[in-house]
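Following: one structure in structure tokens, then a few remarks.
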Amino acid sequence: MPKLESPTGIDRNLTHYADPGFSRYLRRAFLASAGYDEADLERPVVGIADTSSDYTTCHRAMPQLVEAVKRGVLEAGGLPLVFPTLSLGEILLSPTAMLYRNLMAMATEEMITAQPMDAVVLLGGCDKTLPAQLMASASASVPAIHLVAGPMLAGDWRGERLGACTDCRRYWAQHRAGALDAEEIAAVEQNLCPTAGTCMVMGTASTMACVTEALGLMLPGAATPPAVSGQRLRLGVATGRRAVALAADGRSARDILTPAAFANALKVLAALSGSTNAVVHLLAIARRAGVDLSLDDFHTTAQQVPLLVDCKPAGTGYMEDFDKAGGVPVLLKALEPMLDLDTIGVSGQTLGALLQDVAAPGDWQTAIRTLDAPLGPASSLVVLKGSLAPDGAVLKKATSSPHLHKHRGPAIVFEGPDDAARVDDPALGITPEHVLVLRGAGPVALGMPEAGSMPLPKHLAAQGVTDMVRISDGRMSGTAYGTVALHVAPEATVGGPLALVRDGDLIELDVEAGRLDLLVPEETLAHRRAEWVAPAAPARGWRQLYAERVLQANLGADLDFMP
Ligand code: FES
């Protein structure tokens with residue numbers, strides 16, 4: 001029997017009316033109503049996942065980028081069909097965009113696989129959008145190529161460059177300490193986000209864009225050009241053209257997401273001193289791709305790779321500086337001796353072949369350093385384990401305070417982000433030696449809000465205290481800094497040891513040893529465990545499904561039935 005060819009283009013994924021001929025006929029009739037003729041419908045179809053939304057301000061220039069991608073698809077002989085998906089604006093979502101990452105991943109995957117398309121271009125950028133899209137493309141078997149909105153340009157206030165959101169936090173801390181008055185903080189507010197685009201420091205959006213390029217799911221050089229640049233639009237056109245080639249090639253994200261690709265991406269993450277959020281996202285994406293990745297892999301890699309990129313919060317520059325110095329291709333060149341050069345991404349070339357045409361970091365710039373003259377030592381990220389975090393926690397050493405790396409202090413416990421407002425209560429008697437514990441912020445509790453880097457008490461900030469040890473089962477923004485042990489697993493809401501901490505208990509952090517311990521006798525803990533009552537769970541809808549099925553942070557906080 002002759003082999004039946006799989007349907008392509010608009011004939012893929014026919015609507016089920018129990019009559020394929022009727023389905024095809026009806027589909028063409030409705031597409032004709034939208035202005036598509038026979039010549040259009042013979043072309044390979046490239047779906048374009050559009051995350052434009054008034055609520056996602058970082059994507060305000062995305063409509064132009066969509067047009068650029070469409071032009072590239074048309075030039076290469078494809079038929080571009082744009083479709084909307086959930087869009088997660090980090091700042092306008094409550095309790096946190098992270099609560100909806102898995103929902104967006106699921107909805108995006110379903111739209112890719114349910115609609116007819118031979119390849120898909122996924123346009124993301126703001127914090128959780130790109131991770132959700134990566135999870136979707138790892139699960140769908142459709143050839144996929146990613147592109148991001150691109151970072152904002154840096155702002156300026158009183159002659160100092162500034163940007164979202166490392167400087168948002170720095171100036172806000174100064175305001176809380178009384179060093180900036182209401183008028184000054186209002187002026188800062190107007191200059192933090194001067195253009196369209198994602199946060200222009202090495203926060204989660206920038207980190208995930210760079211990591212996606214390193215994984216091979218984005219065209220070389222596509223992570224860093226500013227949102228408002230012509231280069232961003234040219235990348236849109238090139239991405240559209242490349243999507244048509246991928247439609248013919250059939251290479252899917254799962255083919256690209258190999259263990260070697262993840263190993264390379266982890267090295268890039270370490271060299272960037274990227275966001276701690278990338279740990280949770282990469283764990284989830286790897287599970288979707290069937291790649292064995294654990295917290296220990298991040299720890300081991302971080303110990304081998306020094307800090308090479310000078311970008312806030314670990315450095316002093318902004319994404320536009322990194323971009324001008326050559327972006328991810330030049331960083332990969334600097335890391336070349338440590339990388340697996342046989343990986344093949346969406347470009348279709350091996351990494352080794354791509355790097356042949358890339359120059360090493362030049363002396364004319366300081367944004368990208370070499371392995372011989374790094375910006376900072378290895379070990380920018382540390383995985384902590386111990387009696388308080390049996391399944392692990394992470395700490396960004398590069399943005400923490402060395403004098404707190406070995407610290408023992410009494411706990412002050414806060415029950416969730418709302419309770420953190422108590423931190424300013426003088427009656428608590430908080431000293432710089434205290435350890436601030438914020439629990440009830442894990443995946444099951446609340447979807448892991450970025451509350452872990454809770455503010456320091458005002459009275460201490462006014463005295464010049466700029467950092468304290470903080471511990472949480474939640475996350476912190478990639479743009480934040482401080483000595484904060486995050487993603488503590490298991491979280492308090494499922495009865496992890498964090499749930500048993502009481503005010504005054506001694507906690508010990510030892511960053512060099514990778515330890516986080518609760519110094520309370522086991523008998524006492526056993527009593528508390530017996531008395532512990534699990535908090536009430538959400539009783540309907542997405543929040544119920546999420547709370548019932550979400551995995552812990554050390555497993556990527558995906559839903560347990562999705563990997
Ligand atoms: Fe959108 Fe930072 S808020 S990337």
Side-chain angles (χ1 to χ4, degrees), residues 46-70 80-112 114-115 117 120-137 140 144-153 163-165 168 192-200 203-209 212 218 222-223 225-229 232-233 235-236 239-240 275 277 281 319 447-450 477-479 541-543 546:
V46 174
I48 300 172
D50 180 3
T51 51
S52 302
S53 162
D54 286 348
Y55 285 94
T56 310
T57 54
C58 301
H59 294 189
R60 115 168 125 75
M62 191 167 281
Q64 253 194 318
L65 193 58
V66 169
E67 290 309 310
V69 175
K70 282 169 79 174
L81 292 178
V82 181
F83 62 100
T85 70
L86 271 185
S87 181
L88 306 177
E90 182 67 20
I91 309 300
L92 291 169
L93 273 166
S94 177
T96 167
M98 184 65 177
L99 180 63
Y100 306 102
R101 182 201 65 175
N102 297 342
L103 184 64
M104 179 175 171
M106 193 190 283
T108 304
E109 176 192 342
E110 292 300 327
M111 287 302 98
I112 294 171
Q115 299 177 124
M117 60 188 79
V120 62
V121 177
L122 297 119
L123 296 177
C126 189
D127 264 44
K128 310 304 173 290
T129 56
L130 178 56
Q133 291 177 330
L134 287 162
M135 290 162 74
S137 63
I145 182 167
H146 292 258
L147 187 62
V148 286
M152 292 183 239
L153 294 174
C165 255
C168 315
L192 285 166
C193 306
T195 70
T198 49
C199 293
M200 62 290 236
T204 307
S206 301
T207 302
M208 287 308 297
T212 304
M218 201 184 272
V228 293
S229 65
R232 176 61 50 199
L233 295 176
L235 280 162
T239 298
S275 166
N277 291 323
H281 298 320
M319 285 300 284
M448 290 188 89
E450 292 181 341
S477 164
T479 65
W542 169 248
R543 291 193 183 197
Y546 188 90

More than 12 heavy atoms of other groups within 6.0 Å of Phe83 CZ:
yes
If you count the non-hydrogen atoms of other residues, nucleotides and ligands that lie under 6.0 Å from CD in Gln64, is the total more than 12?
no
Measuring only between side-chain heavy atoms, which start at C-beta, is [X] closer than 4.5 Å to [Y]?
{"X": "Glu450", "Y": "Asn277", "answer": "yes"}
{"X": "Val69", "Y": "Leu147", "answer": "yes"}
{"X": "Pro95", "Y": "Arg543", "answer": "yes"}
{"X": "Lys70", "Y": "Glu67", "answer": "yes"}
{"X": "Thr204", "Y": "Glu90", "answer": "no"}

Run His281 and Leu130 through side chain to side chain contact (heavy atoms under 4.5 Å, CB included) and show every step you take.
CA-CA 10 Å; His281 298 320; Leu130 178 56; over 6 Å; no
From [X] [atom1] over to [Y] [atom2], what is the distance, rounded to the nearest 0.5 angstrom?
{"X": "Cys58", "Y": "Met152", "atom1": "SG", "atom2": "CE", "answer": "5.0 Å"}
{"X": "Tyr100", "Y": "Leu86", "atom1": "OH", "atom2": "CG", "answer": "10.5 Å"}
{"X": "Met104", "Y": "Gln133", "atom1": "CE", "atom2": "CD", "answer": "4.5 Å"}

Which residues satisfy the side chain to side chain donor-acceptor pair (under 3.5 Å) test with Thr56, sequence neighbours excluded?
Ser87
Would you confirm whether [X], through its side chain, and [Y], through its main-chain N or O, come within 3.5 Å as a donor-acceptor pair?
{"X": "Arg60", "Y": "Ser53", "value": "no"}
{"X": "Trp542", "Y": "Leu99", "value": "yes"}
{"X": "Ser275", "Y": "Thr207", "value": "no"}

Side chain to side chain contact (heavy atoms under 4.5 Å, CB included) test vs His146 passes for just one of Thr212, Thr239, Leu123, namely Thr212
